[in-house]
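As structure tokens, the structure follows; a few thoughts come after it.
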Amino acid sequence: MKIQPSRKAARNLRPSGGAVIMALYLLFLMLPIYWLINMSLKTNAEILGAFSLWPRNFTLQNYATILTDPSWYMGYINSLIYVVINTAISLAVALPAAYAFSRYTFMGDKHLFFWLLTNRMAPPAVFALPFFQLYSSIGLFDTHIAVALAHCLFNVPLAVWILEGFMRGVPKEIDETAYIDGYSFPAFFVKIFTPLIASGIGVAAFFCFMFSWVELLLSRTLTSVDAKPIAATMTRTVGAAGVDWGVLAAAGVLTIVPGALVIYFVRNYIAKGFALGRV
């Protein structure tokens with residue numbers, strides 16, 4: 001009588017095929033990150049020497065170099081500055097534009113909406129030279145605002161597209177009720193409407209942040225010294241002694257951290273965006 005329950009319990013403990021596939025997939029995804037962390041805790045000699053799955057001579061010198069060398073840590077500061085500026089500008093422009101697309105019908109509205117998305121479809125290389133010549137002419141080259149404005153060309157259409165879907169899900173009767181109650185449009189938009197689409201704003205901010213953070217071509221073309229981002233710094237690490245692989249790996253680990261933090265704080269909003277079909 002005791003054999004049957006034990007067999008049933010053993011059967012329940014066996015991993016299903018889906019669980020095994022998911023575990024292998026997660027292992028595949030985490031392997032490059034683990035290897036990057038592994039390299040960042042090694043010396044150059046150990047990295048270029050024998051193969052090892054973990055550091056034999058554990059060191060934090062690579063991280064110390066990044067946190068004490070201005071040529072490295074200023075790259076992170078520059079990146080954060082123009083990413084925050086870009087995200088703020090993109091949302092400030094996209095919120096009223098998305099509201100207009102979701103609430104009003106006007107001549108050419110669908111064509112204009114599609115034209116906005118076509119800007120997002122174009123590769124950044126197409127705009128690198130025009131932006132470089134324009135910013136050099138007006139004195140914006142190698143500034144944070146230059147990169148932030150350049151990224152708006154791609155982030156504003158994406159933010160409008162995401163926010164329009166969230167706003168369309170809010171009944172128009174809420175707008176009419178607020179106007180009857182005496183709310184002006186700015187007061188209604190800030191106090192009533194914006195909290196209703198907070199999840200959409202979180203999703204749009206996440207994608208604007210991530211695109212601007214990882215984008216390399218425009219940020220490298222439009223900066224030189226004063227506003228050079230970490231992505232550009234990491235591509236210029238070859239010196240007389242060769243590539244410092246340990247420092248480069250540590251820089252890669254620290255580059256992942258901001259994106260991981262943003263994903264952690266807006267993960268619920270992203271899930272809701274997937275549910276609404278706008279992500």
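- Closest approach of Pro229 and Thr223 over heavy atoms only: CD-OG1, 3.4 Å.
- Tyr82 meets the ring-ring contact (aromatic ring centres under 6.0 Å, His included) test with His151; sequence neighbours excluded.
- Distance check, rounded to the nearest 0.5 Å: CG of Asp244 to CG of Asn62 gives 6.5 Å.
- Side-chain contact between Tyr76 and Pro258 is absent, with no heavy atoms from C-beta onward closer than 4.5 Å.
- Side-chain atoms of Asn38 do not come within 3.5 Å of backbone N or O of Tyr34 as any donor-acceptor pair.
- Neither Val253 nor Leu216 shares a network with the other; the hydrophobic side chains, linked directly or stepwise wherever heavy atoms of I, L, V, M, F, W or Y lie under 4.5 Å apart, form separate groups for each.
- For Phe193, the ring-ring contact (aromatic ring centres under 6.0 Å, His included) partners two or more places apart in sequence, or in a different chain, are Tyr99, Phe188, Phe189.
- For the pair Phe101 and Val160, the tightest heavy-atom approach, listed with the atom from each and the gap, is CD1-CG1, 3.9 Å.
- A salt bridge links Glu164 and Arg168; the closest N-O separation between the charged side-chain nitrogens and carboxylate oxygens is under 4.0 Å.
- Heavy atoms only, all atoms of each residue included: Ile192 and Ala178 are closest at CD1-CB, 4.0 Å.
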Legend entry - Test side-chain contact (heavy atoms from CB on, under 4.5 Å) applied to Tyr63 and Leu254, step by step: CA-CA 9 Å; Tyr63 291 96; Leu254 294 178; 4.2 Å; yes

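- Across Pro124 and Leu217, no two heavy atoms sit closer than the pair C-CD2, 3.9 Å.
- At distances below 3.5 Å, not a single donor-acceptor pair connects side-chain atoms of Asp181 with backbone N or O atoms of Tyr183.
- Cluster membership for Met39 and Phe58, using ILVMFWY side-chain heavy atoms within less than 4.5 angstrom, is shared.
- Within the 3.5 Å criterion, the main-chain N or O of Thr87 finds no donor-acceptor partner in the side chain of Ser90.
- Under the 4.5 Å side-chain heavy-atom criterion for Ile, Leu, Val, Met, Phe, Trp and Tyr, Met167 and Val190 are members of distinct hydrophobic clusters.
- The distance from atom CD1 of Ile256 to atom CG of Leu261, rounded to the nearest 0.5 Å, is 11.5 Å.
- Between the side chain of Ser212 and the backbone N or O of Cys208, no donor-acceptor pair lies under 3.5 Å.
- Atoms CG and SG, from Leu158 and Cys152 in turn, are 12.0 Å apart once rounded to the nearest 0.5 Å.
- Note that the CG atom of Asn78 and the CG atom of Asp226 stand 8.0 Å from one another [nearest 0.5 Å].
- No side-chain heavy atom of Phe131 sits under 4.5 Å from any side-chain heavy atom of Thr221.
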Legend entry - Full working for side-chain contact (heavy atoms from CB on, under 4.5 Å) between Ile85 and Ile145: CA-CA 7 Å; Ile85 294 174; Ile145 191 65; 3.9 Å; yes

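- Lys228 and Asp142 get closest at one heavy-atom pair: N-OD1, 4.3 Å.
- Formation of a donor-acceptor pair under 3.5 Å by the Glu46 side chain with backbone atoms of Asn57 is found in this model.
- Under a hydrophobic-cluster definition in which Ile, Leu, Val, Met, Phe, Trp and Tyr are linked whenever side-chain heavy atoms come within less than 4.5 Å, directly or via other members, Val262 and Ile89 are assigned to the same cluster.
- By the 4.5 Å heavy-atom criterion applied to side chains, Leu41 and Thr59 are not counted as neighbours.
- Atom OH of Tyr179 has more than 12 neighbouring heavy atoms from other residues, nucleotides or ligands inside a 6.0 Å radius.
- Ring pair Phe211/Phe154 is tilted by interplanar angle, where 30° to 60° counts as tilted.
- Leu218 has its side chain out of reach of Leu153: every pair of non-hydrogen atoms, C-beta onward, lies at least 4.5 Å apart.
- We find the OH-CD1 distance between Tyr25 and Ile21 to be 12.5 Å, quoted to the nearest 0.5 Å.
- A distance-only check finds a donor-acceptor pair linking the side chain of Tyr135 to the backbone of Ala146 [under 3.5 Å].
- The nearest pair of heavy atoms linking Leu91 to Ala205 is CD1-CB, 3.8 Å.
- Taking the ring axis of Trp35 as reference, the NZ or CZ atom of Lys42 stays within 45° of it and closer than 6.0 Å to the ring centre.
- When the side chains of ILVMFWY residues are joined at heavy-atom separations under 4.5 Å, either directly or via intervening members, Val257 and Ile230 end up in two distinct hydrophobic clusters.
- Atom CH2 of Trp245 sits about 14.5 Å away from atom OG1 of Thr43, to the nearest 0.5 Å.
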